[in-house]
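Data block below; observations after.
A, B, ... follow the sequence lines: proteins, then strands. Residue 1 opens every chain.
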Amino acid sequence: MARWTPPQGGYLKMNVDGRVQVGGGCAGISCVARDEVESFGYSNIERQKQRLPVYKYRTAILYLVETHATTIIVGETGSGKTTQIPQFLKEAGWADGGRVIACTQPRRLAVQAVSSRVAEEMGVKLGEEVGYTIRFEDFTKNGVTMIKFLTDGVLLREMMDDPLLTKYSVIMVDEAHERSISTDILLGLLKKIQRRRPELRLVISSATIEAKSMSSFFTSKRRRQMEDETVGLKMEPAILSVEGRGFTVQIQYVEEPVSNYIQAAVSTILLINDQEPMGDILVFLTGQDDIDSAVHLLHEDIQNRSKNSSGLLILPLYSGLPRAEQELVFAPAPRGKRKVVISTNIAETSLTLEGIVYVIDSGFSKQRFYNPISDIENLVVAPISKASARQRAGRAGRVRPGKCYRLYTEEYFVKEMPNEGIPEIQRSNLVSCVIQLKSLGIDNILGFEWPASPSPEAMVRALEVLYSLGVLDDDAKLTSPDGFQVAEIPLDPMIAKMILSSSQLGCSEEIITIAAVLSIQSIWVSSRGAQKEMDEVKLRFATAEGDHVTFLNVYKGFLQSGKSSQWCYRNFVNYHAMKKVLEVREQLRRTAQRIGLVLKSCEGDILIVRKAITAGFFANACNLEAYSHNGKYKTIRGSQEVYIHPSSVLFRVNPKWVIYHSLVSTDKQYMRNVISIDPSWLREVAPHFYQHQRPSSIPH
DNA sequence: GAGCACTGC
């Protein structure tokens, strides 16, 4: 690779816009700051609690919650809102009489971290007065737990049994500014619940939320009317801001737009290393490729100029990295070395690194966009929002005053960068979301009040897909039993439908294994280095039927080895992933039994396994183009040009008819996880879907 | 013969 040329005669020129107090941050984890955790003793804890900014708002918060149906708390990093507000509420009696205070988080890790911190502060055992629930883990005790932390996804599942969430007196929705799909669905549903349960209190908490738009969402004419009827309770939300406790972060912008942000990032790292006092550097790039080339450029520089940059400890960070390598970023740098973490968005919210003093922000991240017309989700590099930029900058001010180098101009930041990102619900396939609402009895999906409405096209497309799966009827109501059963299974409806069919066909044990494997990222060890060797090992499990059947062979081998980690290591299989497969599989078996499915093995009759897969994924059927030399397929439904991904066991095998699990779009559309089928099955499992196809594409 | 931002049930 060519050596980079430093732009503009050496280094980027930065201008300084003065000192800017930066907010944002991961409230969940950030409240458990190191200085708080490392001290002992009740009085010490008490003193620390009083030092948190939120402490002086205690009375105000309790008053607002008492008198308002909804209270919006805008709190910056380190304000203490997540750990303290539930305790304030409990002390004020909101958990009396067996009622429970709930606090939701978007991520499992945050739920665990925050709940154990709160249990420690209250001097109780986790799982008693303070508990938590995430998928696979329920540390709560009925009648004992007063404060319960949970993911918003778990709370949505709870609504399927108890639509009005009657055991909760207050529900605090934390990190609402992240606008995840679950958070948005939850907010829409909570607004509805409030109409039926005026005594329920909501606390919406977030770092950088546009509080006014959230407030207007929770305000409506009908609500004002209720206000008159419910004496003393204000329906219009209260808004309270709590300052953070982060350090000042000085922001620097480039004077001219940069053409290559990877090179710009690399030269900025070297600039910091030459000119700035010690302190670790965190760089935000978009993905694995960017990160790898930045790491490469830096290593080249170290070799060429050995002196200056040899003091750098360069660490990549992204979710696909093997666990051990990921953990390196948490270890402090050796004496005299400066740590440089080059990361994706994972360091923006999910992971918190201590000791970062300098942040370099490329201004971009990878974001998912869904096209309802083609029904394809794409991952594209897109500009971030001001809210994200502030969040990234805030990562530099956790231990002492820091600096953030933005690789874009101040003018761009002020004039062009959007204030907030597009909520996930407006960028996603809505199939799961629609069936969830249907199962909660929301019949008029198109009339549902969202904090941000998804496009009608995406909504209609989701309804179509669910109709074709036979889980919605002509009136868009859940069918019985299929629709209700699919809604109960905590996976994508197409997977759920596949499981239902497997119960009828007599291969549910196998299909549940396949469903578990498909629901985790990858069961293979990621190793770009030993690719050839890995491909060869993979052939041991490969079958002509396709990837799904290959998964069955891997699972079988794993069980026969006695679930051995050595076996996994030898076979390039990710041991942690396989443990997860076992866990998901167990949950699915329990769910299947609960909803009355038949658990049965097909004893090697793979044909019916492929039929069951077809029953869920018939919409992803593709036909190899006649006389195609390069493995070109066309989707039957949309005549999209697609290819088998080189990681598939069917790559270069190119069966005439295939079904894929998902598409990845790069220079071509690649099908990942592919299985060969007999086209006659398509009409068998989905006659309604295939009867109106063009004559040329009708399977015979 | 190529590459997967991040979550969650």
Roughly how many Å is it from CD1 in Ile499(A) to P in dC9(B), rounded to a whole number?
-> 17 Å
Describe the nucleic acid contact of Ile134(A) in one word from base, sugar-phosphate, nothing, applying a heavy-atom distance below 4.0 Å.
-> sugar-phosphate
For Asn345(A) and Arg392(A), does a side-chain donor sit closer than 3.5 Å to a side-chain acceptor?
-> yes
For Tyr633(A) and Leu624(A), which heavy atoms make the closest approach, and how far apart are they?
-> CD2-N, 3.3 Å
Taken to the nearest whole Å, CG/Leu317(A) to P/dC6(B) is 9 Å
Against the side chain of His645(A), the closest entry in dC9(B), dG3(B), dA5(B) is dG3(B)
Starting at CZ of Arg672(A) and ending at P of dC4(B), how long is that distance when rounded to a whole Å?
-> 8 Å
Atom-to-atom span, CG of Asn378(A) to C1' of dC4(B) - whole angstrom | 13 Å
Can you tell which of dG1(B), dC4(B), dA2(B) lies closest to the side chain of Ser647(A)?
-> dA2(B)
Compute whether any side-chain donor of one residue and acceptor of the other, for Glu348(A) and Ser388(A), lie under 3.5 angstrom apart.
-> yes
What's the CD1-P distance between Ile291(A) and dC4(B), to the nearest Å?
-> 13 Å
With sugar-phosphate meaning primed atoms plus P, OP1 and OP2, does Thr151(A) contact a base, only sugar-phosphate, or nothing at under 4.0 Å between heavy atoms?
-> sugar-phosphate
Spacing between Gln521(A) atom CD and dA5(B) atom P, to the nearest angstrom = 10 Å
Nearest of dC9(B), dT7(B), dA2(B) to any side-chain atom of Ile346(A)?
-> dT7(B)
For Leu150(A) and Lys148(A), work out which heavy atoms get closest and say how close.
-> CD2-O, 3.8 Å
Pick base, sugar-phosphate or nothing for Ser182(A), based on heavy-atom distances below 4.0 Å to the nucleic acid.
-> nothing
Without hydrogens or angle criteria, can the side chains of Gln105(A) and Tyr132(A) be said to hold a donor-acceptor pair below 3.5 Å?
-> no
Kindly indicate whether the side chain of Asp289(A) and the base of dG3(B) share any N or O donor-acceptor pair separated by less than 3.5 Å?
-> no
Answer with base, sugar-phosphate or nothing: what part of the nucleic acid does Asp152(A) contact at a heavy-atom distance below 4.0 Å?
-> nothing
Arg107(A) side chain, from C-beta outward: closest of dC9(B), dT7(B), dA2(B) | dT7(B)
Using a strict 4.0 Å threshold on nitrogen-to-oxygen distance, state whether Glu641(A) and Lys668(A) make a salt bridge.
-> no
Rounded off to whole Å, could you give me the CD-to-P distance for the Gln669(A) and dG3(B) pair?
-> 12 Å
Reckon Leu379(A) touches a base, only the sugar-phosphate, or nothing at all at heavy-atom distances under 4.0 Å?
-> base
Atom CD1 of Ile495(A) and atom P of dG8(B): how far apart are they, to the nearest Å?
-> 18 Å
For DNA chain B, whose closest nucleotide is more 5', that of Thr286(A) or that of Leu491(A)?
-> Thr286(A)
Select from Gln587(A) and Lys366(A) the residue whose nearest nucleotide in DNA chain B is closer to the 5' end of that strand.
-> Lys366(A)
When all nucleic acid strands are considered with a 4.0 Å heavy-atom cut-off, which category describes Thr344(A): base, sugar-phosphate, or nothing?
-> sugar-phosphate
Side-chain atoms of Arg368(A) come closest, of dC9(B), dG3(B), dC6(B), to dC6(B)
Regarding the side chain of Asp535(A), the nearest nucleotide among dA5(B), dC9(B), dA2(B) is dA2(B)
